[in-house]
Amino acid sequence: MNDTPRPRTAPSYQDTFDTLAATHRGRPTATIVPLLRRAADRALLGFRDTDLQEQAQAISTGVPCSLRIAR
């Protein structure tokens with residue numbers, strides 16, 4: 001049996017976005033933006049503040065939002 005610990009991987013930005021969409025509806029965008037920023041920074045995505053504000057607004061209001069992340 002191999003007891004070598006597996007490296008933990010951070011959830012993808014899409015996973016984080018989906019989780020926030022399910023758990024943060026109705027919350028202020030000011031509480032959502034820092035969570036999105038942290039996830040974007042972890043994923044090395046260069047979202048502008050306005051992008052994150054729009055995404056946070058969609059999460060807060062429950063309006064569907066399509067994310068396109070090109071790699």
Give the intermediate values and the outcome of side chain to side chain donor-acceptor pair (under 3.5 Å) for residues D18 and Q14.
CA-CA 6 Å; D18 292 344; Q14 182 68 55; 2.8 Å; yes
Please assess L35 against T31 for the test side chain to side chain contact (heavy atoms under 4.5 Å, CB included), listing each intermediate value before the final yes or no.
CA-CA 7 Å; L35 302 173; T31 63; 6.0 Å; no
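Rounding to the nearest 0.5 Å places CZ of R42 at 5.0 Å from OG1 of T16. Rounding to the nearest 0.5 angstrom, the gap separating the CG atom in L45 from the CG atom in L52 is 9.5 Å. The CD1 atom of I59 sits 5.5 Å away from atom CD1 of I32, with the distance rounded to the nearest 0.5 Å.
Considering only heavy atoms from C-beta on, Q53 stays 4.5 Å or farther from Q57 through its side chain.
When the shell of 6.0 Å around CZ of R25 is examined, it contains 12 or fewer heavy atoms from other residues, nucleotides or ligands.
Here D41 pairs with R37 under the salt bridge (Lys or Arg N to Asp or Glu O under 4.0 Å) rule; sequence neighbours left out.
Here the closest non-hydrogen pair linking F47 and A40 is CD1-CB, 3.7 Å.
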